[in-house]
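Working notes, structure below.
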Amino acid sequence: MRQDRLRRGPKHRFVRIRALDELDDLPPPSPLPLFRFCAARGCKRRARSGGRHCVGCHAAAVRRWREDHRRELAVRRRDAAAVRGDDARARDSARAKLAMALRRGTLEQGRCRDCGDSEVIGLIEEPARWRDVVWMCREHRQAELERRRDAAAQRAADAKQAAWYDERTLALAAIELLPPAERARLYALAARGPAGTQLSPGAPLYVMNLVRSYKASLAG
Ligand SMILES: [Zn+2]
Ligand SMILES: [Zn+2]
């Protein structure tokens, strides 16, 4: 009943949870626009930002799920390890097949994809399709590998950013559930900038301090 009223009523505007996209585009921490109740039966706490359940109920659900799927998770981990081993074997085998095909003359060495040079090295994209080898001169092969390394580094950085975003969202929601005195203590810690300066609640460093202080308070 109450949930219905919330969804339709004039408070609807405040029920919506604002996306915390940019580090420097954060709303000030007090008050945070988190006005949704946990969907778990009988739970009166506020839902996590962007989620349907409160921090406690969500964590409990994740624990239950992991416990129920312990065996499948272990199998999946083992399979992943085995696949990585197979990957390396497949690449070695593809290189050997390519060398053999060149010796037998069933496959001809091409020219550099990028500059047409005849001094080339083969770059095998997919071990199963080793005949689709891409021929490249040393220089262009190097450039290609560097481009791939950069792309992988970018993906890793994006993943790290996403992990921090999740951690921050969870921590800010959890802080909202704390008693006012404890919250005030964390806000005061968060405001401590370098060399005795005071940080404003909108500053990225303030939010980092806040999350760090909250985690420290959990550990202590
Ligand atoms: Zn709950
Ligand atoms: Zn080239």
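Indexing begins at 1, ligand by ligand and atom by atom, following the structure's order. In this text, all values refer to a predicted model and were calculated from it rather than measured experimentally.
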Worksheet, complete the sentence: The expected count of protein N/O/S atoms at less than 2.8 Å from the Zn ion (ligand 1) is 4

Run the salt-bridge test on [X] and [Y] with the 4.0 Å N-O cut-off and return the result as yes or no.
{"X": "Asp92", "Y": "Arg95", "value": "yes"}
{"X": "Arg76", "Y": "Glu72", "value": "no"}
{"X": "Glu67", "Y": "Arg64", "value": "no"}
{"X": "Glu182", "Y": "Arg185", "value": "yes"}

Worksheet item: Is there a chain of hydrophobic side chains (I, L, V, M, F, W, Y, each step under 4.5 Å between heavy atoms) that links Trp164 to Tyr214?
Response: yes

Item to complete: Look at the side-chain heavy atoms of Ile, Leu, Val, Met, Phe, Trp and Tyr, link any pair under 4.5 Å apart, and say whether Tyr187 and Leu199 land in one connected group.
Response: yes

Practice prompt. Output, by chain and residue number, all protein N/O/S atoms separated from the Zn ion (ligand 2) by less than 2.8 Å.
Written response: Cys112 SG, Cys115 SG, Cys137 SG, His140 ND1

Worksheet entry | Validation row: Arg212, Met208 side chains within 4.5 angstrom (heavy atoms) | yes

Item to complete: Start with the C-alpha distance between Glu176 and Arg183, add both sets of side-chain angles, then the distance that settles side-chain contact (heavy atoms from CB on, under 4.5 Å), and finish with yes or no.
Response: CA-CA 7 Å; Glu176 275 299 291; Arg183 231 182 306 162; 4.1 Å; yes

Discussion item. Would Tyr206 and Leu210 count as a side-chain contact (heavy atoms from CB on, under 4.5 Å) here? Give the steps.
Written reply: CA-CA 6 Å; Tyr206 177 98; Leu210 185 58; 4.2 Å; yes

